[in-house]
Amino acid sequence: MTLDYALLISPSPLQLNLCSVHSPTLREIDALPDKFNTYHMYLSMLLLDIDTYYKNMESQGDSYFAGYTEKEKRQILSIRAEYAGLTEEQRALTGRLDIFGFDRKIVVPLTQALSFFLCEKIIYSPEENEFLIFGAESADPVCTINSRQLSELESIILQLNAVSVNTMDAADAKNKTAAKIIEKLNKRKKAKEKGAKPDPKLELPNIISAISACHSSINILNIWDLTVYQVYDLFARMQQNTIFDVLKMSVAAWGNKDNKVDFTQWFECIKP
């Protein structure tokens, strides 16, 4: 599900069939125990895929299972062995919760991440291997979120936080051949993303500082009431307007081919 631009920039929670999701404000992120580090940890939990999970487990060796009972360790290793024996088509159709649901080191922070972005109370049920959603005044769950629904929910949360998610769901494939093609395309995209180095200039705290210093009315005191998406949107708009200002001055001083400026450029549609 791709969200409309109006939904992305809205300060109001997005009402879904199962629950409500909101783009957090900077003030809500600032209230987290470790502020932006915790926020980025939450995003990383939503982005964690099965292959990365197992590679991390393998790199840590036995130290990964520190604090686990022997029974828990055997169960996790048994599931890993079973997953390793699946074909590519079967792996593409395996939900993340089908794997992560048996590892509390993953389930606990994943639940915390979902709780931060959802308006309702959410808990994980190991018996059902599903998340339970509770209403404001309900002692019983009003609905559940299974592995397939979790992927859709995470995609919406990431969009509201200006995180690009372009991978396709192999479960939507009409046949095994299509599922295999989708899985290969997703692997290539992930490999490309992992090879890219993050730009410190584009980290959220630096963007907050830059906007506060340059904007005519948004400053370091009131910027904290903007949502994350609104901040990225404002940053992109300011960049576009800077380019427009330079273009105007350039044409005024030196002219161009047609000696004209597109005066609608400052309100062109953008989507960070």
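Atom set for the values below is all heavy atoms of this structure, side chains included, hydrogens, waters and symmetry mates excluded.
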With sequence neighbours excluded, residues passing ring-ring contact (aromatic ring centres under 6.0 Å, His included) with Tyr53: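 Phe100.
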Would you confirm whether [X], through its side chain, and [Y], through its main-chain N or O, come within 3.5 Å as a donor-acceptor pair?
{"X": "Asn219", "Y": "Asn222", "value": "yes"}
{"X": "Gln75", "Y": "Glu72", "value": "no"}
{"X": "His215", "Y": "Ile211", "value": "no"}

Shortest non-hydrogen separation from Arg91 to Ala84 and the atoms involved: NH2-O, 3.0 Å
Considering only heavy atoms from C-beta outward, does the side chain of [X] approach that of [Y] to under 4.5 Å?
{"X": "Phe65", "Y": "Gln60", "value": "no"}
{"X": "Leu153", "Y": "Leu118", "value": "yes"}
{"X": "Tyr232", "Y": "Asn161", "value": "no"}

Asp233 and Tyr5 side chains, donor-acceptor separation under 3.5 Å: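 Their side chains do contain a donor-acceptor pair, which is all the 3.5 Å distance test asks for.
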Worked verdict on Ser20 versus Glu120 for side-chain hydrogen bond (donor to acceptor under 3.5 Å, both in side chains): CA-CA 7 Å; Ser20 302; Glu120 295 84 4; 3.2 Å; yes
Mutual orientation of the aromatic rings belonging to Tyr68 and Tyr64 [parallel < 30°, tilted 30-60°, perpendicular > 60°]: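 Geometry flag for Tyr64 against Tyr68: parallel rings.
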Sequence neighbours excluded - ring pair (Phe, Tyr, Trp, His ring centres under 6.0 Å) pairs with any residue from residues 115-153: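 Of all non-adjacent pairs touching residues 115-153, those that pass ring pair (Phe, Tyr, Trp, His ring centres under 6.0 Å) are Tyr42-Phe116, Tyr124-Phe131.
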Joint hydrophobic cluster, Ile145 plus Leu47, side-chain heavy atoms closer than 4.5 Å: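 Yes; Leu47 is reachable from Ile145 via cluster members.
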Test side-chain contact (heavy atoms from CB on, under 4.5 Å) applied to Asp34 - qualifying residues, sequence neighbours left out: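 Checked Asp34 against side-chain contact (heavy atoms from CB on, under 4.5 Å); matches are Asn37, Thr38.
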